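Please read these numbers as outputs of a predicted model, since none were measured by experiment. Counting convention: from 1, in listed order, for ligands and their atoms alike.
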Amino acid sequence: MRNVIIIGSGPAGYTAAIYAARANLEPLLIASSVEAGGELMNTTEVENFPGFPEGIQGPELMAKMQEQAEKFGTEVLYDDVVSLDIDGPVKKVTLGSGKSFEGASLIYATGSAHRKLDVAGEEKLSGRGVSYCATCDGFFFREREIAVVGGGDSAIEEATFLTKFASKVYLIHRRDELRASKIMQQRAFDNPKIEFVWNSRVAEVLGEDAVTGVLVESTVDGSQRELPLQGVFVAIGNDPRTHLVHGKVDITDAGTIWVDGRSSHTSVPGVFAAGDVLDPTYRQAVTAAGSGTVAALDVEHYLAALNEAGAPESDASQIDSLAGADV
Ligand code: NAP
């Protein structure tokens, strides 16, 4: 049986692995078979990760994190988790390949997925003018005209942030009032660079190799018009990837995994969460990495308490009696 199995290979998963490996826990990390490396694999230049003053490409940063985790003894498997059995003291992880592993603890760090518009042109022009992260890509739109889609706090925050770079920001929202908090709304209303396009949805993102505009459709009468611009930021919400643990751990109203205070303890003993799956607000590589650290340290304490109580690592029955212990 493994000391700890980490699911997820973004900054949270790899940072948890680095800490757990340095604590001699020999972690097993399950990276996805197709999405290994997480969100940063879709990002170009990362300029806000401390330690890289010249910036670093997202995939290179993830490769370095993986190298660091492996250097200290992390085993990385490129496979997809298809089911989890986490009720008891021994956590069982079953993979798409049919293999299964048992762990005395589990760190769940599967991140979140940006909601997509699901319209023509979006996929093709992703990374070529279509973005899901203003702080990552805003810099590339200096003096350009761009649009932000959405009406929540994320959209308003991104639109306001993007006015630092863009010459004009259209805020395209499907209704005629925003969901965002009043104070953020007011900030956007007061910003002369933001123009609101109410009661509208993006029906298509236009362009061949780069975004040249959007086809905007009225949600009131269905009329359409083209809006020429060079960038589209989609900010219509994020969905934490929690499907594997639904019904198994407590989930918050925001859809994230519930954790106890500032810790990574979920509602199930021995199961810890890190990164975007528990964070509805910040969602940065750095905060995810910090959250991975917390999870690894919590696991260390959890396992130490089990061992202190005399449970041999592989003795499931003894771990069972300790599973409810407050560690
Ligand atoms: P959100 O609050 O769920 O808002 C999503 C917005 O996108 C809504 O305005 C929604 O329209 C719109 N939308 C959803 N699906 C759409 C679709 N298919 N096509 C077009 N529009 C669509 O998500 P969020 O803004 O990412 O915020 C998530 C959470 O993080 C919230 O709790 C928020 O308060 C928090 N947050 C806080 C801050 C801050 O305080 N600084 C910053 C960012 C996020 P409708 O309004 O019509 O439903």
Side-chain angles (χ1 to χ4, degrees), residues 12 39 42-43 48 110-123 125-126 129-138 146-164 169-191 194-206 211 213-225 227 229 231-242 250-259 273 275-288 291:
E39 192 103 335
N42 302 320
T43 309
N48 54 9
T110 49
S112 70
H114 294 291
R115 271 184 219 139
K116 298 200 167 162
L117 291 169
D118 276 333
V119 297
E122 181 185 22
E123 196 73 38
L125 295 166
S126 180
V130 174
S131 171
Y132 301 86
C133 177
T135 48
C136 314
D137 299 328
I146 61 176
V148 173
V149 187
D153 280 326
S154 294
I156 297 304
E157 191 170 77
E158 299 218 338
T160 306
F161 172 78
L162 287 164
T163 59
K164 286 188 193 174
V169 177
Y170 293 101
L171 194 294
I172 302 173
H173 183 39
R174 62 187 178 184
R175 294 186 292 135
D176 64 356
E177 62 177 344
L178 299 170
R179 179 177 295 278
S181 55
K182 292 283 181 259
I183 189 164
M184 291 180 69
Q185 291 192 23
Q186 197 53 51
R187 209 170 290 155
F189 291 146
D190 291 343
N191 192 319
I194 299 178
E195 181 176 325
F196 288 84
V197 182
W198 298 112
N199 295 318
S200 299
R201 61 178 282 271
V202 171
E204 184 177 348
V205 183
L206 306 170
V211 170
V214 288
L215 185 64
V216 173
E217 184 178 280
S218 164
T219 53
V220 178
D221 59 18
S223 60
Q224 294 189 331
R225 68 180 169 117
L227 205 54
L229 39 76
V232 183
F233 286 80
V234 182
I236 59 173
N238 264 59
D239 294 316
R241 289 199 190 91
T242 55
D250 288 354
I251 303 284
T252 68
D253 291 344
T256 52
I257 293 178
W258 176 88
V259 288
D276 282 9
V277 283
L278 59 79
D279 176 10
T281 310
Y282 300 106
R283 299 193 298 248
Q284 300 295 304
V286 172
T287 52
S291 173

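Annotation: Thr281 places no N or O atom under 3.5 Å from an N or O atom of ligand 1; distance criterion only. Considering backbone and side-chain atoms together, Val149 places no N or O closer than 3.5 Å to any N or O of ligand 1. Checked by distance only, ligand 1 and Gly150 stay at 3.5 Å or farther apart across all their nitrogen or oxygen atoms. Of the N or O atoms in Asn238, none lie within a sub-3.5 Å distance of an N or O in ligand 1. Any N or O atom pair closer than 3.5 Å counts here, and Asp153 shares at least one such pair with ligand 1.
Remark: minimum distance from atom 27 (O) of ligand 1 to any protein heavy atom is reached at Ser154 OG, 3.6 Å. At the shortest separation from atom 10 (C) of ligand 1 among protein heavy atoms lies Arg174 NH2, 3.7 Å.
The presence of a protein heavy atom under 4.0 Å from atom 31 (C) of ligand 1 is ruled out.
Note on residues 110-123: pairs passing side chain to side chain donor-acceptor pair (under 3.5 Å), not counting sequence neighbours, are Glu39-His114, Ser112-Asn238, Ser112-Asp276, His114-Asn238, Arg115-Asp239, Glu122-Tyr132.
Proximity of Arg201 to ligand 1, defined as any heavy-atom pair under 4.0 Å, is not found for any part of the residue.
The Gly151 neighbourhood of ligand 1 comprises atoms 6 (C), 7 (O), 8 (C), 9 (O), with distances under 4.0 Å to a heavy atom of that residue.
Tested against Val169, the residues Ile146, Asn191, Thr160 include a single side chain to side chain contact (heavy atoms under 4.5 Å, CB included) partner, Ile146.
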